[in-house]
Amino acid sequence: MAESVAPEATPSHPDDFERYRPADIEPRWQQRWLDDKTYEVDNEEILQTDAEDIRFVLSMYPYPSGPAHIGHVRNYTFGDLLVRYHTMNGRKVLSPIGFDSFGLPAENAAIKSGEHPRPFTDARIEELSSSLRRIGAVYDWRRMVKSHDPSYIKWNQVIFLRLYEEGLIYRKNSPVNWCPGCQTVLANEQVVDGLCERSDDPVERRDMEQWFYRITDYAQELLDDLDGLEWPDRVKIMQRNWIGRSEGAEFGLPIADSDGNPRTDTPPLAVYTTRPDTSFGMTFAVMSPEHPRVDELTIPSQIDEVRAFQKDASGKSEIDRLSTVGSADKRGVFTGSYAINPVTGGSIPIYLADYVLTTYGTGAIMAVPGQDQRDWDFATAYGLDIVRTVQPPEGFDGEAFTGDGPAINSASDALDLNGMEVAEAKAAATDWIEAQGLGERRVNFRLRDWLLSRQRFWGCPIPIVYCDEHGAQPAPLSDLPIEAPDDVEFLPTGESPLNHHRGFLDTTCPVCGNPARRETDTMDTFVDSSWYFLRFADPWNDEAPINKAAVEKFLPVDQYIGGIEHAILHLMYARFFTKALADVGLSPSTIREPMKRLFTQGMVRMGGGKMSKSKGNTVAPEETVDAHGADALRLAILQVKPPAEDVDYEDFQLDGCERFLQRVWRLAIPGSDLTTNMRSGEPTPADIEIDKATHHLIARVTGEYERWSYNTAVAGFMEFTNALYKYVQASDGAHDETLDFAVNTLLELMAPAVPHISGELRERRDQSNIHLAHWPVADPAKLVVDTVTMIVQVNGKVRDRIDVPSEISEADAEALALSSEAVQGHLDGEPKKIIVRAPKLVNIVV
RNA sequence: GCCCGGGUGGCGGAAUGGCAGACGCGGCGGACUCAAAAUCCGCUGUCCGAAAGGGCGUGUGGGUUCGAAUCCCACCCCGGGCACCA
């Protein structure tokens with residue numbers, strides 16, 4: 001064994017060698033990753049690669065709002081770590097980036113400045129791209145997709161026409177949010193507390209012809225396929241709730257004549273219920289104010305009151321209607337007509353009420369106040385009968401009872417449900433309804449068709465032409481892309497300039513060739529984000545929007561990363577598009593779900609509140625990078641909190657992270673003052689311990705990267721670095737090979753997290769590129785532990801800790817535990833029971 | 001109202017039925033320095049104790065278990081989603 005040599009004149013001051021200066025090394029590495037094309041993958045190669053060696057890691061493409069904000073940085077750091085980790089594992093990793101570049105902020109800026117949104121948007125994209133490069137995020141930039149790019153517009157329009165051709169898009173009249181001040185329709189997001197976010201005018205409801213996707217055709221599949229996705233449970237739950245499947249029965253209530261007998265001259269009133277078992281408690285029926293049979297069923301003496309009620313309800317904005325929750329007064333009106341409760345044969349009054357929605361079920365309900373609180377409130381306000389049909393438990397002092405219990409008051413000559421529990425009674429009542437020919441079982445969904453029209457300029461034009469004679473006609477493929485013109489004037493009213501641009505509006509009918517007019521509505525920007533991930537597989541394709549062979553190789557996305565705010569809209573639309581595009585043959589039939597695994601990272605807040613430009617509490621990551629370096633910022637993001645949770649920017653420990661990187665630098669830089677006391681030859685027990693710790697760290701960090709436990713992985717780096725500091729400062733010095741392996745491994749494990757410093761140090765140590773296939777593998781033999789600390793408890797309280805061989809027998813462990821002095825002191829009397837879990841624990845019960 | 005998630009030191013957090021508080025921040029002390037910064041080393045839940053040691057301790061109350069931050073029941077508080085969906 002080599003003698004340890006006490007070094008002479010050891011430099012004890014870290015300034016004696018080159019210090020870690022992120023600004024000196026980071027730009028060089030960022031340029032190098034571009035030059036070396038390390039993170040580019042070629043399709044020719046991919047088509048020859050097994051699927052298991054391919055990964056598609058995707059962070060939700062950003063809206064280009066300018067330089068990155070700290071939330072972006074958090075999001076893209078997580079994605080970047082995975083891209084680098086999989087690359088180091090020798091996989092082909094698709095890491096594309098794109099920009100969701102259509103949308104309101106750019107249009108609003110244009111309205112303010114009078115300038116076209118395109119140069120504005122292009123400048124913002126440049127800024128955001130630059131900040132992403134500055135935090136060291138790596139992409140295959142050749143694959144960049146931008147929503148406002150003419151080729152993307154073209155394929156978006158091709159997809160629209162195909163879905164239209166297949167009947168998955170239709171046009172219908174629909175109520176929209178109308179701002180009288182701006183003379184335009186607003187998206188729901190633009191309505192804040194019932195007011196227009198721009199002009200503060202109260203928003204009105206207005207009916208307009210709008211385009212819709214038939215997403216409801218896919219309701220059941222969207223629900224069923226959630227089961228196979230590795231997505232956070234809460235996202236799946238939110239989607240399930242949004243789809244809102246309910247099982248019940250739809251049946252008819254015969255309309256009664258003045259004697260209470262069923263009329264034969266008019267059809268029964270169709271109602272939908274999930275509780276057919278409560279039919280004996282149906283004491284009235286309610287139609288929505290907009291129900292098509294209101295006129296027919298209103299008797300002459302009630303007409304004025306009904307008209308007034310309808311007018312009131314229709315004039316009310318969404319907000320007004322919601323604000324009436326709780327007060328049942330003036331929320332309904334009697335039509336004067338009666339229906340017949342088919343199970344009792346009795347007459348029940350038919351009301352209108354605004355708590356019944358036209359768009360759900362049949363737009364009419366059977367009201368059962370005994371078992372439904374809204375019906376209870378209404379019955380109480382209008383003096384209607386209340387009959388309980390489910391026995392509430394003893395001591396129940398609520399109003400409507402919605403729980404389980406035996407049926408009561410539920411028998412007639414025709415049907416007897418009394419005594420049955422809810423589920424049984426439901427089945428019996430539904431069977432009876434079907435047997436009587438009154439109606440049938442029915443599944444309803446809350447999911448509505450997706451309204452895609454926007455009366456906006458800065459979006460993808462809907463490729464439709466209106467002809468006086470032939471109506472709405474698809475634009476010919478040869479016209480695509482139909483782009484918004486450049487020579488437009490933005491009106492201060494906010495109205496889309498397309499409405500007044502003759503060059504854009506005037507066209508000819510594809511059927512008859514006569515003058516026709518282009519659709520001026522554009523597509524919801526969620527359309528753009530519903531298939532961009534499919535385009536990434538082959539963004540160069542000029543034959544079709546989607547290259548099926550490439551998509552089959554890359555998709556589904558192995559890891560999708562984004563904010564929880566997209567849990568419903570974007571993620572539901574993307575799933576719908578994937579299914580619909582497969583069904584119309586534009587995308588491979590084998591890919592029915594776009595994202596296999598989803599991770600939703602938390603928000604970055606400021607002082608407990610959401611960060612926003614208007615609050616002026618944003619943090620510019622660029623300044624943080626200037627002050628501490630990109631690696632310190634990345635490390636602070638990873639260290640501060642589990643990725644799924646919201647985080648306050650104040651909790652970021654930038655100084656601590658930078659200090660840690662300095663420590664690593666000092667340990668790893670060749671010529672460091674810390675590594676002068678080195679020896680070779682046979683390793684000592686201390687060396688062997690360090691070597692084992694290195695292998696344990698490999699196993700630990702690999703597992704933590706796989707399960708998104710980045711904060712504990714950072715703790716692992718720090719613990720190991722602390723251990724190495726002790727090791728190199730020990731009096732007998734460090735073993736050269738052991739330390740070399742330990743430090744190189746540490747750098748490799750850290751490389752996905754802090755790529756610049758890891759790359760720099762490793763290159764200086766042995767001229768190799770750490771970012772290539774270098775992921776270390778733990779030697780199982782070195783993970784074996786020979787001694788463990790056995791916990792000895794008395795009555796569950798820890799009384800002693802004894803180091804024992806890890807293969808200790810139960811008998812030996814027990815004997816050892818009983819002989820411990822510390823334990824003896826706590827044993828008064830004979831042990832009643834001894835639990836032995838060798839080698840970890842012995843618990844003595846007295 | 002319904003449905004989720006969460007409550008652990010001064011702070012961010014760790015611990016997937018077996019040593020509560022890893023790691024970091026902050027704080028305290030020491031070394032180095034003329035001094036400071038930087039750096040390195042140590043201590044740091046709380047109460048009693050000079051110490052050895054011991055008591056208490058994961059929102060509250062109960063339960064299961066040899067053993068509970070972890071599982072079960074009830075409640076309180078915080079955050080989020082949906083909100084007349086029959």
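To find a chain, count down the sequence lines: A is the first, B the second, and so on, and within it residues start at 1.
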Can you tell me the distance, in whole Å, between the [atom1] atom of [X] and the [atom2] atom of [N]?
X: Trp376(A); N: A86(B); atom1: CH2; atom2: P; value: 21 Å
X: Asn722(A); N: U39(B); atom1: CG; atom2: P; value: 14 Å
X: Asn241(A); N: C4(B); atom1: CG; atom2: P; value: 9 Å
X: Asp655(A); N: G24(B); atom1: CG; atom2: P; value: 15 Å
X: Arg19(A); N: U39(B); atom1: CZ; atom2: P; value: 7 Å
X: Glu821(A); N: A52(B); atom1: CD; atom2: P; value: 17 Å

Can you figure out which of [options] approaches the side chain of [X] most closely?
X: Ile835(A); options: G54(B), A86(B), C66(B); result: C66(B)
X: Trp242(A); options: C82(B), C66(B), C41(B); result: C82(B)
X: Ile237(A); options: G55(B), C3(B), G18(B); result: C3(B)
X: Met238(A); options: G81(B), A86(B), C66(B); result: G81(B)
X: Arg659(A); options: A86(B), C25(B), C66(B); result: C25(B)

Using only modelled atom types and a 3.5 angstrom limit, is any donor from either the side chain of Arg234(A) or the base of G5(B) paired with an acceptor on the other? no
query: Between the base of G12(B) and the side chain of Gln639(A), is there a donor-acceptor distance below 3.5 Å?
result: no
[N] phosphate, OP1 or OP2: any side-chain N/O from [X] under 4.0 angstrom?
X: Ser246(A); N: A86(B); value: yes
X: Lys797(A); N: C56(B); value: yes
X: Lys833(A); N: C66(B); value: yes

Rounded to the nearest 0.5 angstrom, the NE2-CG distance for His628(A) and Leu635(A) is 12.5 Å
For C28(B), the nucleotide meeting Watson-Crick or G-U wobble distances (both under 3.5 Å) is G42(B)
More than 12 heavy atoms from other groups under 6.0 Å of CD on Gln729(A)
yes
So, Asp646(A) and Arg74(A), do they make that salt bridge, N to O below 4.0 Å? no
> Looking across every strand, which nucleic acid part, if any, lies under 4.0 Å from Gln662(A) by heavy atom: base, sugar-phosphate, or nothing?
Replying inline: nothing
Carefully, step by step, assess Phe378(A) and Trp376(A) under the rule ring pair (Phe, Tyr, Trp, His ring centres under 6.0 Å). CA-CA 5 Å; Phe378(A) 194 83; Trp376(A) 176 288; over 10 Å; no
